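What follows is a single structure, written as structure tokens, with notes after it.
On a predicted model such as this, the values are computed, not experimentally measured, just so you know. Read the numbers this way: they start at 1 and go in the same order the structure lists the ligands and their atoms.
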Amino acid sequence: MEMSRSFHHFDELHPWRDRQHMLECISAVAETADVMTFTFRSDKPAWFRYLPGQFVTLELPVGEEPVMRTYTLSSSPSRPLSVAVTVKAQPGSIGTRWMFDNLKPGMALKALGPLGDFSFVRHPGEKYLFISAGSGITPMMSMARWMADCAPETDVTFISCARRPDDLLFKSELEVLARQMPRLNLGFLVEGHEARHGWHGLRGRIDATKLPLLAPDFLERTVFCCGPEPFMRGVREMLKAAGLDMARYHQESFQPAAAPAAEELAVRAGLAAGTEAAKVSFTMSGKEVTAVAGQTILQTARASGVRIGAACEGGICGTCRVMKISGDVEMNHNGGILDDEIEEGYILACCSRPLGDVQIEA
Ligand SMILES: Cc1cc2nc3c(=O)[nH]c(=O)nc-3n(C[C@H](O)[C@H](O)[C@H](O)COP(=O)(O)OP(=O)(O)OC[C@H]3O[C@@H](n4cnc5c(N)ncnc54)[C@H](O)[C@@H]3O)c2cc1C
Ligand code: FES
């Protein structure tokens with residue numbers, strides 16, 4: 001890679017503000033056996049503007065049809081000339097596995113974003129409790145890196161949980177950050193039965209006994225939690241039972257919540273058997289289809305061969321945003337669309353169901 005091409009004085013750069021970008025991979029680093037960090041720069045002379053904790057959606061050329069996958073930017077906007085994602089390949093993974101096997105420096109990927117609300121910038125507090133499990137550490141890592149660079153006096157207790165000591169992501173970097181941040185307190189927790197000899201940290205799962213040991217003043221803190229759904233549910237219930245003001249609890253889900261049953265959705269959308277079926281017109285592809293009761297606009301589009309890009313399929317990532325030209329939908333999003341986008345007429349196809357005839361720009 002040519003060094004001179006990558007060097008720009010800051011005042012020659014413009015901010016990253018389009019919704020879609022090409023990102024050029026500049027490094028691929030293994031963090032653990034099943035986690036890698038990929039770092040990218042913009043293909044244009046640009047600096048990256050995003051909030052610590054936000055995510056992007058990458059288009060991965062896995063096969064004939066690309067797949068979209070959403071990843072938190074684990075990097076910090078305080079170092080705005082590159083961005084990084086830290087990704088875990090679960091067994092059976094398609095998208096992330098493709099990155100492990102194929103993504104090398106010099107390759108470019110299409111990216112949508114940044115987006116997301118899971119940031120202390122959006123939910124500021126006097127002091128923070130970050131609590132993560134596995135790859136759920138990525139948004140907290142972005143926030144901690146930003147704080148170390150820009151607000152090192154911030155009071156943070158950071159609890160990172162993993163199955164085994166070897167799975168604890170960024171442990172040594174966090175220890176370096178704790179030397180730069182006098183009020184960053186670290187707690188590492190690994191599940192007991194798999195913890196190796198020589199592990200001196202706490203063992204077991206986070207519970208009402210261990211939490212006060214790691215964060216005695218947790219009730220005074222603004223909490224950010226990210227990890228698998230059962231982990232977050234456990235933390236949420238524990239904090240609620242302990243009396244935390246839940247307005248100070250924030251979580252990020254990497255997997256959309258299970259969708260309500262099709263029959264319930266159909267009834268809610270007024271599309272139960274016997275009611276008049278809604279027509280969905282896709283204006284760009286010139287197709288008009290009768291919606292099946294309870295189907296989303298995305299499902300209707302797919303069934304009729306209209307392509308709308310989608311990643312999370314749960315109203316989180318914003319990838320499936322389309323313009324609704326006319327008609328009404330019931331949209332149950334999870335933060336993947338902004339209020340002003342809704343006002344402009346956009347909807348998220350993956351979580352919108354027609355409430356009558358609609359026209360969609362797709
Ligand atoms: C807002 C947001 C931020 C995210 N940030 C990150 C991040 O920083 N790092 C990261 O690694 N991922 C992150 N994800 C998750 C990521 O988008 C993918 O869903 C995940 O990596 C799985 O994609 P895949 O291509 O590996 O597997 P897929 O090809 O989608 O799935 C393959 C198989 O794995 C199962 N599977 C899918 N996801 C999971 C899971 N989470 N746990 C267990 N099994 C699963 C599926 O059921 C399927 O059987 C984020 C998701 C969201 C919505
Ligand atoms: S696909 Fe993620 S919001 Fe629709």
Side-chain angles (χ1 to χ4, degrees), residues 19 31-32 34-38 50-63 65-75 83-103 111-119 132-143 163 167 169-170 224 226-232 250-259 296-299 301-302 307-322 329 331-338 341-342 346-353 360 362:
R19 201 178 128 78
E31 302 284 356
T32 66
D34 55 3
V35 177
M36 287 187 78
T37 293
F38 295 92
Y50 60 101
L51 301 179
Q54 283 191 309
F55 55 80
V56 291
T57 297
L58 300 179
E59 188 178 292
L60 307 174
V62 167
E65 277 289 306
V67 300
M68 316 287 282
R69 293 288 183 270
T70 301
Y71 300 107
T72 304
L73 295 170
S74 53
S75 49
V83 287
V85 294
T86 300
V87 302
K88 177 166 182 163
Q90 313 279 352
S93 157
I94 297 170
T96 308
R97 173 52 59 188
W98 180 89
M99 292 171 74
F100 271 51
D101 296 341
N102 298 283
L103 186 54
L112 293 174
L115 227 114
D117 204 36
F118 188 70
S119 175
S132 70
S135 55
I137 197 170
T138 50
M140 269 62 114
M141 202 57 206
S142 176
M143 292 192 257
R163 281 221 173 87
D167 294 329
L169 287 170
F170 304 119
F224 287 86
C226 185
E229 189 52 47
F231 170 83
M232 292 196 292
H250 310 284
Q251 69 172 41
E252 177 90 301
S253 185
F254 282 3
Q255 279 176 307
T296 62
I297 299 289
L298 180 65
Q299 288 163 339
R302 280 184 181 152
R307 188 166 184 273
I308 298 177
C312 74
E313 300 192 23
I316 305 172
C317 71
T319 310
C320 63
R321 192 187 73 160
V322 284
V329 296
M331 177 162 63
N332 294 299
H333 71 88
N334 284 305
I337 188 163
L338 305 171
E341 292 176 317
I342 297 174
Y346 287 103
I347 59 161
L348 296 179
C350 73
C351 55
S352 296
R353 292 171 173 84
I360 304 293

- Has C312 got an N, O or S atom lying less than 2.8 Å from atom 2 (Fe) of ligand 2? yes
- Check: T57/T70 side-chain N/O donor and acceptor closer than 3.5 Å: yes
- Item | Non-hydrogen atom of V85 closer than 4.0 Å to ligand 1 | no
- When you check the gap from the basic side-chain N to the acidic O, do R307 and E65 get nearer than 4.0 Å? yes
- Query: Can an N, O or S atom be found in C350 less than 2.8 Å away from atom 4 (Fe) of ligand 2?
  - Reply: yes
- Check whether the side chains of S74 and S142 place a donor and an acceptor atom closer than 3.5 Å, and report yes or no. no
- Within a strict 4.5 Å, meaning less than it, do heavy atoms of the M331 and Y346 side chains meet? no
- Query: For ligand 1, which atoms have a heavy atom of F55 less than 4.0 angstrom away?
  - Reply: 1 (C)
- Message: Please list, in number order, the atoms of ligand 2 under 4.0 Å from a heavy atom of G315.
- Response: 3 (S)
- Item | Smallest separation among heavy atoms of M143 and F224, with atom names | CE-CD2, 3.9 Å
- Query: N/O of I94 under 3.5 Å from N/O of ligand 1, yes or no?
  - Reply: yes
- Of the backbone atoms (N, CA, C, O) and the side-chain heavy atoms from C-beta on, which set of A89 has a member under 4.0 Å from an atom of ligand 1: side chain, backbone, both, or neither? neither
- Query: Just going by heavy-atom distances, which of D117, T96, V56, L169 is nearest to atom 21 (O) of ligand 1?
  - Reply: T96
- Note on the structure: Contacts of D167 meeting salt bridge (Lys or Arg N to Asp or Glu O under 4.0 Å) (sequence neighbours excluded), chain-then-number -> R164
- Message: Quiz question: by atom type and distance under 3.5 Å, do the side chains of S119 and D117 form a donor-acceptor pair?
- Response: no
- Query: What are the atoms of ligand 1, with element, lying closer than 4.0 Å to any heavy atom of T86?
  - Reply: 7 (C), 8 (O), 9 (N), 10 (C), 11 (O)
- Message: If I compare all heavy atoms of C320 with all of C350, which pair ends up nearest, and what's the gap?
- Response: SG-N, 3.4 Å
- Item | Subset of ligand 2 atoms that lie under 4.0 Å from at least one heavy atom of E313 | 1 (S), 2 (Fe)
- Query: Is the shortest distance from a heavy atom of S253 to ligand 1 less than 4.0 Å?
  - Reply: yes
- Quick check: does G95 get an N/O under 3.5 Å from an N/O on ligand 1? yes
- Task: Might you work through the side chain to side chain donor-acceptor pair (under 3.5 Å) test for T37 and T86, ending with a clear yes or no?
- Result: CA-CA 4 Å; T37 293; T86 300; 2.9 Å; yes
- Query: Quick one: which ligand 2 atoms are inside 4.0 Å of a heavy atom on C317?
  - Reply: 1 (S), 2 (Fe), 3 (S)
- Option with minimal heavy-atom separation from atom 43 (C) of ligand 1, where the choices are Q90, K88, M141: Q90
- Relative to the heavy atoms of I316, which atoms of ligand 2 are at a distance of less than 4.0 Å? 3 (S)
- Nearest protein heavy atom with distance in Å, relative to atom 3 (S) of ligand 2: G318 N, 3.2 Å
- Please state which part of Y71 comes within less than 4.0 Å of ligand 1, counting heavy atoms only: side chain, backbone, both or neither. both
- For ligand 1, the portion of Q255 having any non-hydrogen atom under 4.0 Å away: side chain
- Rounding to 0.5 Å, atoms CG (L298) and CZ (R353) come to a distance of 10.5 Å
- N or O contact, R97 vs ligand 1, cut-off under 3.5 Å: no
- Note on the structure: Near A311 (heavy-atom distance under 4.0 Å), the atoms of ligand 2 are 1 (S)
- Item | Nearest neighbour of atom 18 (C) of ligand 1 from the list R69, Q54, M99, on a heavy-atom basis | R69
- Query: Counting backbone and side-chain atoms alike, does C320 have an N/O/S atom under 2.8 Å from atom 2 (Fe) of ligand 2?
  - Reply: no
- Do Y71 and F55 have ring centroids that are under 6.0 Å from one another? no
- Note on the structure: Logged contact type for T57 with ligand 2, heavy-atom cut-off 4.0 Å, is neither
- Task: Using non-hydrogen atoms of the residue, decide whether P139 is closer than 4.0 angstrom to ligand 1.
- Result: no
- Query: So does R69 pair up with E313, basic N to acidic O under 4.0 Å?
  - Reply: no
